[in-house]
Amino acid sequence: MPNKIERPRGTRDFLPDEMEKRREVEKLMRLIAESYGYKEVCTPTFEHLELFTLKSGEGIIEEIYAFKDKGGRDLALRPELTAPVMRLYVNECKVMPKPLRFYYFANCFRYERPQRGRYREFWQFGVELIGSDRAEGEAEVITLAYRILEKLKIKFNLHIGHVGILRKMLKDLDEKTSSKILRLIDKGEMEELKRFMNELGLNELYSSIKDTVNIKGKVDFLESIDIDKDVLERIKKVCELCEVSGVDYIVDLSIVRGLDYYTGIVFEAYAEGLGAQKQVCGGGSYRLAHVFGGEDTPSTGFAIGFDRVMEVCKIEPKKKLRVAIVNAGSYLHAFKVAEKLREKLSNVEIVTDVMGRNLKKQLSHFSDFDFAIIVGKKEEETGIYSIKDLKRGVQEKLSIEDIVNKLSRVVK
RNA sequence: GCCCGGAUGGGGUAGUGGCUAUCCUCUGGGACUGUGGAUCCCAGGAGCCGGGUUCGAAUCCCGGUCCGGGCCCCA
């Protein structure tokens, strides 16, 4: 036997049961996003490498699947979708009336060590609200993310922060230093941060950063510390709107986010039961359009880690009604009956035997179906078919029309 | 990128340096050519890959691949 060809590392095959569940969850996400007026967009699976290196943040750049095509162009499989969607916006939608509400569901690629909830090909569901610079927009996006996770019956915590506070505190430092400080805050390595800032003689700044980062709770906590007035007003307003829509949150100013393009409100959601891969959603306000040659445009968005959500989501798809057309010798007629029923009934699975089994074998094979319709010479002549309820074990004789009526009633 | 643990038919497993690799499930067929899930019978299908030690390796050793767990990072 020749060697079996295996799946590449970090990729997955999905069997029907799992696909069904994934489609069900996807459908729910779409439905909720659409109920907020968001419309689906789709961008290419690969883009110019530059799109992602321009502003994505160090971590992601190292993980990019990059390659040269036959024309020598530097291309990359998309590691995320915010940059592609903003590129699409700049290319095609600049003059459309604002705001634009876009959502996407697509696969992304990152070269990483695979683990539970972390794959080299993974799916993201996300939205981008383009053109609004206001708390109303930010609150809408946060609420939408919250609703989706809530409707999927996931247990999670939502943390809301604002990168403006820390950015402002660090504004007098050079970019390299401030970026290192932000990274240490993001990792929660406060001891290392203390040592680092001590070396630079920034003890005073360190202690105010420490105070800021430790703030966790509802909005009112913020009153007690000395932060930028405009930012405080913004956070208060966003939180107020979130509370109105029943969103449960924690203000957490330590949220920094790995992607460099965030400028304002940021938020993350953590689900229970996923270990180190607990972050199921991340987002915030950013400015990216001008980087891709457009006008400076404020935007807010989030991305949900679809595969992580699937790990903890309890949603079960509704089982379809399954009907077997069992033939007693008359294949031709059985196929005809099956086709007629498929035409008349929607959302019902209708299956015939294609293995040449005898009657008994067919019934045995279809024993976990809901109904069996027996089609043989007698039925072909009279037009009256035996329909057997396989779950209850009862059988009756009906015409095609009556069968259609009966099954339609059961579907409801 | 770092640290650990694994890998035996499609799925789940047993076992051991030595005969034809165990059991369950599964799949196909038969008993049974007009009525299912039971039972019995027959058939099918496996030691991740490469190298080493050995008379002999699925078993021991080394390397690789893949999976899982924990970090890092992130969704």
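Just so it is clear: chains get the letters A, B, ... in the order the sequence lines come, proteins before strands, and each one is counted from 1.
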Mind checking if A/Glu311 touches a base, just sugar-phosphate, or nothing, with heavy atoms under 4.0 Å? nothing
Are B/A75 and A/Phe306 stacked, with the base six-membered ring and the side-chain ring centres under 5.5 Å apart and planes under 30°? no
Paired to B/A43 by Watson-Crick or G-U wobble criteria (both distances under 3.5 Å) is B/U27
Quick one: look up who B/G9 pairs with, Watson-Crick or G-U, both distances under 3.5 Å, and put none if it's unpaired. none
Measure from the ring center of A/Tyr65 to the ring center of A/Tyr111 and say whether it is less than 6.0 Å. yes
Any idea how A/Phe105 and A/Phe125 line up, ring-wise: parallel (<30°), tilted (30 to 60°), or perpendicular (>60°)? tilted
Of all the heavy-atom pairs spanning A/Asp370 and A/Lys320, show the shortest one and how long it is. OD2-O, 3.8 Å
Whichever of A/Tyr119 and A/Ile374 has its nearest RNA chain B nucleotide further upstream toward 5': A/Ile374
Sugar-phosphate, base or nothing in reach of A/Gly282, heavy atoms under 4.0 Å: sugar-phosphate
Assigned partner base of B/G68, Watson-Crick or wobble definition, under 3.5 Å: B/C4
Which part of the nucleic acid, if any, lies within contact of A/Cys108, taking any heavy atom under 4.0 Å across all strands shown: a base, the sugar-phosphate backbone alone, or nothing? nothing
Taking O4'-C1'-N9-C4 for purines and O4'-C1'-N1-C2 for pyrimidines, is B/G51 syn (within 90° of 0) or anti? anti
Please determine, for B/A21, whether a Watson-Crick or G-U wobble partner exists with both distances under 3.5 Å, and give it or none. none
Considering Watson-Crick and G-U wobble pairs with both distances under 3.5 Å, what does B/C60 pair with? B/G52
Using purine N1 to pyrimidine N3 plus N6-O4 or O6-N4 for Watson-Crick, or N1-O2 and O6-N3 for G-U wobble, each under 3.5 Å, what pairs with B/G36? none
Looking at every strand, decide which applies to A/Arg12 at a 4.0 Å heavy-atom threshold: base, sugar-phosphate, or nothing. nothing
Please evaluate the base of B/U35 for a donor-acceptor partner in the side chain of A/Gln362 within a cut-off of under 3.5 Å? no
If the threshold is 4.0 Å, N to carboxylate O, is there a salt bridge linking A/Arg147 and A/Glu150? yes
Checking all strands, does A/Gly117 fall into the base, sugar-phosphate, or nothing category for heavy-atom contacts under 4.0 angstrom? base
